[in-house]
Number of protein chains: 2
Amino acid sequence: MEASKSKKQTILEAAAELFRDRGYVATSMRDLADAVQLKASSLYNHISGKEEILQTICFQNANRFLAGMKEIEKRPINNTDKVKALIHLHIQIATEDFTSITAFNDEWRHLSDPELSRFKELRRDYELRFKSIIQAGIDAGEFVSVDTTIALFTIISAVRWIYDWFKPNRAISMDQLEEQIERILLGGLGVKGV
Amino acid sequence: MEASKSKKQTILEAAAELFRDRGYVATSMRDLADAVQLKASSLYNHISGKEEILQTICFQNANRFLAGMKEIEKRPINNTDKVKALIHLHIQIATEDFTSITAFNDEWRHLSDPELSRFKELRRDYELRFKSIIQAGIDAGEFVSVDTTIALFTIISAVRWIYDWFKPNRAISMDQLEEQIERILLGGLGVKGV
DNA sequence: CTTGCACGAACGAACATTCATTCGTATCTT
DNA sequence: AAGATACGAATGAATGTTCGTTCGTGCAAG
């Protein structure tokens, strides 16, 4: 029914930005209302409350990562290329929607408990799928034999916080970023000629 | 004059724990008072206010990292071993005081502005020193030629968030952790036989 | 030995703000 | 006319902090 972009979407995007800059708890509904040129009470014509915003941001991104993961799992490629594709996925999401990724990464713990548990499950699911790919790569002789948990979190940490330091309008291009991170992380797994 | 541990220290440690679990903003002085079996008003006999606690935690840890960095810089060793020593430093601090590291990593942005700027400077100083070591390693032919900024933040991200997933009473020992992280990160820099 | 006093530490009550949210009502769009 | 949207006012709860006071301990003066 809405024309170009629903007011709800505008609110969600402004909220993500505020959450990124000040954090969820430190962002008031008045701050958010100011950002979208409304009064605080008017927000409730579009959203049910503060926590709904956080939920939307968190699960939207969780699903984005999981959808990407499941698509990559299906591809008929070796595990090296799957890890490369996952690195690409992280960089892709982090750069194309880096404002909501911050809220997703930092603020999910302020979810309340039915959703908090569900979120943790999704996160754990993603990590286990990532870990399986690393394990498969070791079994197939593509990777050096490393502890899969350590490798998993080393890689995930490295890519999860890209948004924190990488500004796309920099001396570094996205392709460069991806190629170099692949080289560092996959090189460490013993993959030759990355 | 104090017997075993000053009450101020007790408060600071309890605060670090609460900040880790709920975040700085979401932790009230009443929560903190409960944690040390006091009333909120009594806290002010020991500390000047909420922000002093955050300042202490942040700068205490910032100085710890910088002191470690400066000590490592002085050592007569090659750059590979310096990076190894830095990885060791991060794991050391993350495991021996992992509760205040969380607050240090996540909550520093809630500092107010004279201290906030000072903190950012310290952080930037640390990063630049780290970067210099990587650059020196490339110049000396120890490392493969990579973009130093990308390498820097990939390594720092990987080690900065160890506390987030590593539980010391696990199947993985600290030595194992260190050896494997070295292998992954230094292997990616082209160092042989790590 | 006893009295008096200073002091650290704890407390309950109260402070002014700020918070998210609700409600009744007015204005706009169709 | 009707439905969506915006608003001001008000709500109760929670925030960090201050205040006046009290209690106990240790030490100096008597």
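All chains are named by letter (A, B, ...) in the order of the sequence lines, taking the proteins before the strands, and each is independently numbered beginning at 1. Computed from a predicted model, the values in this text were never measured in an experiment.
Under the ring pair (Phe, Tyr, Trp, His ring centres under 6.0 Å) criterion, A:His90 pairs with A:Phe65, A:Tyr126, sequence neighbours left out.
Taking atom CD of B:Glu52 as the reference point, atom C1' of D:dT17 lies 14 Å away to the nearest angstrom. Atom-to-atom, CG of A:Leu32 to P of C:dC19 comes out at 12 Å; the value is rounded to the nearest Å. Following rounding to the nearest Å, A:Ile47 (CD1) and D:dA6 (P) show an atom-to-atom distance of 12 Å. Distance A:Leu43 CG to C:dC19 P: 13 Å, rounded to the nearest Å. Atom CD1 in B:Ile11 sits about 11 Å away from atom C1' in C:dA10, given to the nearest Å. In this structure, A:Asp34 places its CG atom 13 Å from P of C:dT18, rounding to the nearest Å.
You'll find the side chain of B:Ile47 stays beyond 4.5 Å of the side chain of B:Thr56, heavy atoms only.
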What's the verdict on side chain to side chain donor-acceptor pair (under 3.5 Å) for B:Thr99 and B:Glu13, showing C-alpha distance, side-chain angles and the deciding distance? CA-CA 8 Å; B:Thr99 185; B:Glu13 288 171 15; over 6 Å; no
| task | Could you walk me through whether B:Ser28 and B:Asp31 pass the side chain to side chain donor-acceptor pair (under 3.5 Å) test, one step at a time? | result | CA-CA 5 Å; B:Ser28 76; B:Asp31 293 336; 3.2 Å; yes
Q: In sequence, state the C-alpha distance, the side-chain angles, and the governing distance for B:Phe104 and B:Phe98, and then conclude on ring-ring contact (aromatic ring centres under 6.0 Å, His included).
A: CA-CA 10 Å; B:Phe104 166 71; B:Phe98 92 108; over 10 Å; no
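We find that B:Asp81 and B:Arg75 are not joined by a salt bridge, their nearest charged nitrogen and carboxylate oxygen being 4.0 Å or further apart. The pair B:Arg129-B:Asp125 counts as a salt bridge, with a side-chain nitrogen and a carboxylate oxygen less than 4.0 angstrom apart. Electrostatic pairing of B:Asp97 and B:Arg64 counts as a salt bridge here, judged by a charged N lying under 4.0 Å from a carboxylate O.
The shortest distance between the side-chain N/O atoms of B:His46 and the OP1/OP2 oxygens of C:dG8 is not below 4.0 Å. The phosphate of C:dG8 (OP1 or OP2) has no side-chain N or O of B:Lys7 nearer than 4.0 angstrom.
Scanning residues 106-116 of chain B for heavy-atom distances under 4.0 Å to DNA chain D yields an empty list.
The base of D:dA6 lies close enough to the side chain of A:Asn45 for a donor and an acceptor atom to sit less than 3.5 Å apart.
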Scoring nucleotides 20-26 of chain C by protein non-hydrogen atoms under 4.0 Å (B base, S sugar-phosphate only, - none) yields BBBB---
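Remark: A:Lys82 is not positioned above the aromatic ring of A:Phe130, lacking an NZ or CZ atom under 6.0 angstrom from the ring centre and at most 45 degrees off the axis.
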